[in-house]
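First up is the structure itself, then whatever we jot down about it.
Remember, it's a predicted structure, so these values are computed and weren't measured experimentally. The basis for the numbers below is simple: all heavy atoms, side chains too, and nothing from hydrogens, waters or symmetry mates.
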Amino acid sequence: MSIKSELAPKGIDFSNNSSFVMSDKYCTILTVVSYPRLIGEGYLSSLTSMPGIKICIKHIPVPFSSLQRMINKQVADLRQKYMEENDKTNKERYRQDVESLEYFVSQLAASQTRIFDFQMHILITADSFEELNNRKISVKNYMDAMNLRAIPLRFEQEKVLKSMLPIFPMTRDIADLESRIGTPIPSTTIAAMYPFVFDSIKDEGLSTLLGTDFSGGVILFNQFLYQIRKESNRNNANLIILGTSGSGKSTSAKLILRGHIRNDYQIVAIDPEGELEEMTSLYDGNFVDLGKGGEFGMINPLEIVIDADDDEIKQGLGYTVLTKSLQFLKAFMKYYDPSITEDLLTLFSEVVQDTYKRFGIDFNTDFSRLSSTDYPTFSDVYATIRGRLSQYMDKTNEQDIMERLEIKIRPLTKELKYYFDGHTTITGNTHFIVFNIKELMNSEVNIRNALFFNVLKYAWSLCLDKNENTVLCVDEAHVLLGANNALGADFLAQVQRRARKYNTGSIIITQQPSDFCDPAVITQGKAIFDNASYYLVMGLKKQAVEDLSLLIDLNDNEKESIKRYSQGEALFVCGNRRVRMNVTVTPEELESFGEGGGL
């Protein structure tokens, strides 16, 4: 038995006028008949990565004299239409087309660029006729978005297939077909269209050498590129890093943070597992061990974050500062006790407002004049509750709710007072500050989550200076959404939305995208992902990949690749560009990261 007979299909049926059957596969060939006016590097890379399709490209040299005659004829036709057209809009369009063609000819003549008759066919295969039609619609819609127009040549599928394959001799029928479907395109444009002939990501400005793509090109990544030039879908500095344990996400985050430290950006990081301790020490940062509480550091949940800029305050929106703080405290209580009911939360909000009033704080307060010691603590809230209880003369429903609220608040002033009851005592360097809660990561989930959320609120308060670039890094971010706390998820989504306003870029690190697409928080999860310009997707398990596809667009090839990624391999979605890459670090960089996490 010959190799030829083994490789050849068992049979081909061309009885359908716009598709055919090859062995057990249903097939159709789309022929591209129209191309966009402008293309970018690697233009076809996204199309070639689609599953179930194969692309055939032919380029046949065209003499410049022949092209010139073709263009001259087209220019003459356009000028004739211009003279005969009465509509001013159409006349202007014809005029621009003539100028464009004349400029095109002058550029070709000056550069001596070779011209080719460019032909492109897309072979689509499927296991059933219905699947073929669905896949064809999907491919055509995708190509429409790329400004490519493709159609199946009816009654000529066999000729097109023979034209695509080099084993068939050139016949009159094939030559006639090829003379009708080609488009003259310069060699430089053709080279740029190929998916494997283009420059990788090379951002100007203060970039980080993140690694190499799979064609060997370096990836220079500037998370704040939007500040120096515009690029499609890169309009903020928010990055999300995803990957299982051991995939390399911690190393990737440290590599990016190291670049920001070099650029003298402010770094504010939440590090639940203490992985940044050695790196913080090396670069003279401030490592705050809030997991130990008490003398090691305290953040007062009742201290107010002034998340309103000068313009908002001038517009009379200063009251929103206290409104947001009350919403934060309700979210905090939901983390602290997920079973807390709405009636308790409503009364809790009233009690907190009463407590604020005792300290001279209301919606009209100028919060910029207050220091940490000017705010009440949970002991003061507890005193308000005890005072309200002493005023009830008869047994009422409100008294019953207040008594239940007293039971909820009491532990915050007793056994948990070293974490939640006291004024904020964070001192030292805030230009590079890392908050660690490792001591509590294995404690009760609700206590851990409440502390994590409280730290996030304070960390965000350090990111509101518009005069410098700030990076807010949140590791294990799925913890905040895993509790299905919609108010907490709202706060993280708000941070993502407002970060650019304060020249802040976020780095959110997670190994569980499933927590972001849980039905209870899917709206906020989508908002968190939609407000990021960059995704670094490292190795994930099957279910995690499916969950991630609910949050960002992934084609079938990308899904399969992510499941098989080795340590350090990643899909880097950078605005509109999608690059499969290897994160690479030097031994010196790896040593600077310390032992806590890393390749």
Salt bridge check, [Y] against [X]: does any charged N sit closer than 4.0 Å to a carboxylate O?
{"X": "R358", "Y": "D354", "value": "no"}
{"X": "K249", "Y": "D475", "value": "no"}
{"X": "K457", "Y": "E303", "value": "no"}
{"X": "R369", "Y": "D374", "value": "no"}
{"X": "R564", "Y": "E569", "value": "no"}

Should we say atom [atom1] of [X] is surrounded by more than 12 heavy atoms from elsewhere, each under 6.0 Å from it?
{"X": "E444", "atom1": "CD", "answer": "no"}
{"X": "F359", "atom1": "CZ", "answer": "yes"}
{"X": "E415", "atom1": "CD", "answer": "yes"}
{"X": "K563", "atom1": "NZ", "answer": "yes"}
{"X": "Q227", "atom1": "CD", "answer": "yes"}

In the structure I gave you, are the side-chain heavy atoms of [X] and [Y] within less than 4.5 Å of one another anywhere?
{"X": "Q543", "Y": "S514", "answer": "no"}
{"X": "N300", "Y": "Y458", "answer": "no"}
{"X": "P301", "Y": "L329", "answer": "yes"}
{"X": "L548", "Y": "V537", "answer": "yes"}
{"X": "I507", "Y": "V474", "answer": "no"}
{"X": "M538", "Y": "Q567", "answer": "no"}
{"X": "E204", "Y": "I228", "answer": "yes"}
{"X": "L282", "Y": "F593", "answer": "no"}

Taking atom [atom1] of [X] and atom [atom2] of [Y], what is their separation to the nearest 0.5 Å?
{"X": "L416", "Y": "R410", "atom1": "CG", "atom2": "CZ", "answer": "13.0 Å"}
{"X": "N263", "Y": "N469", "atom1": "CG", "atom2": "CG", "answer": "9.0 Å"}
{"X": "D289", "Y": "D271", "atom1": "CG", "atom2": "CG", "answer": "10.0 Å"}
{"X": "H423", "Y": "S372", "atom1": "NE2", "atom2": "OG", "answer": "8.0 Å"}
{"X": "N576", "Y": "R578", "atom1": "CG", "atom2": "CZ", "answer": "9.5 Å"}
{"X": "S325", "Y": "Q353", "atom1": "OG", "atom2": "CD", "answer": "11.0 Å"}

When you look at R448 and Y335, which way does the side-chain hydrogen bond (donor to acceptor under 3.5 Å, both in side chains) test go after all the steps?
CA-CA 9 Å; R448 178 201 67 187; Y335 279 119; over 6 Å; no
Are the ring centres of F432 and Y283 closer than 6.0 Å?
no
Looking only at the aromatic ring of each residue, does the gap between the centers of F453 and F328 stay below 6.0 angstrom?
yes
Where [X] and [Y] come nearest, the two heavy atoms and their spacing:
{"X": "L276", "Y": "F287", "answer": "C-CE1, 4.3 Å"}
{"X": "F420", "Y": "L412", "answer": "CD1-CD2, 3.6 Å"}
{"X": "N222", "Y": "Y534", "answer": "O-OH, 4.0 Å"}
{"X": "P411", "Y": "K408", "answer": "CD-O, 3.3 Å"}
{"X": "N436", "Y": "P272", "answer": "OD1-O, 3.4 Å"}
{"X": "G505", "Y": "Q223", "answer": "C-NE2, 4.2 Å"}

For the pair D203 and R234, evaluate salt bridge (Lys or Arg N to Asp or Glu O under 4.0 Å) and give the outcome as yes or no after the intermediate values.
CA-CA 12 Å; D203 294 340; R234 296 183 67 177; 2.6 Å; yes
Sequence neighbours left out, what passes ring-ring contact (aromatic ring centres under 6.0 Å, His included) with F378? Give chain and number order.
F332
Who are the salt bridge (charged side-chain N to carboxylate O under 4.0 Å, His left out) partners of D553, not counting sequence neighbours?
none
Decide yes or no on side-chain contact (heavy atoms from CB on, under 4.5 Å) for K466 and T504, but give the supporting numbers first.
CA-CA 8 Å; K466 290 184 176 181; T504 294; over 6 Å; no
Keeping [X] on the side-chain end and [Y] on the backbone end, is there a donor-acceptor pair under 3.5 Å?
{"X": "T425", "Y": "M298", "value": "yes"}
{"X": "T208", "Y": "L210", "value": "no"}
{"X": "T396", "Y": "Q399", "value": "yes"}
{"X": "Y356", "Y": "L322", "value": "no"}
{"X": "N454", "Y": "A450", "value": "no"}
{"X": "D380", "Y": "T377", "value": "yes"}
{"X": "D362", "Y": "T365", "value": "yes"}
{"X": "N286", "Y": "I433", "value": "no"}
{"X": "N235", "Y": "Y226", "value": "no"}

Partner of S379 under side chain to side chain donor-acceptor pair (under 3.5 Å), picked from T355, T384, D421, is D421
Stepwise side-chain hydrogen bond (donor to acceptor under 3.5 Å, both in side chains) test for Y382 and R386:
CA-CA 6 Å; Y382 188 68; R386 298 296 302 172; 4.6 Å; no
ring-ring contact (aromatic ring centres under 6.0 Å, His included) evaluation trace for F529 with F516:
CA-CA 9 Å; F529 274 75; F516 288 82; 5.3 Å; yes
L370 and Y375: side-chain contact (heavy atoms from CB on, under 4.5 Å), yes or no, with the steps?
CA-CA 8 Å; L370 301 183; Y375 291 100; 3.7 Å; yes
Provide the full list of ring pair (Phe, Tyr, Trp, His ring centres under 6.0 Å) pairs with a residue in residues 549-581, sequence neighbours left out, each pair given once.
F221-F572
N238/S533 under side-chain hydrogen bond (donor to acceptor under 3.5 Å, both in side chains): CA gap, chis, key distance, verdict
CA-CA 6 Å; N238 296 337; S533 292; over 6 Å; no
Using the salt bridge (Lys or Arg N to Asp or Glu O under 4.0 Å) rule, pick out the option among E406, E403, E398 that qualifies with R388.
E398
Between D490 and Q494, is a side-chain hydrogen bond (donor to acceptor under 3.5 Å, both in side chains) present by the stated rule, with each step listed?
CA-CA 6 Å; D490 270 332; Q494 176 184 301; over 6 Å; no
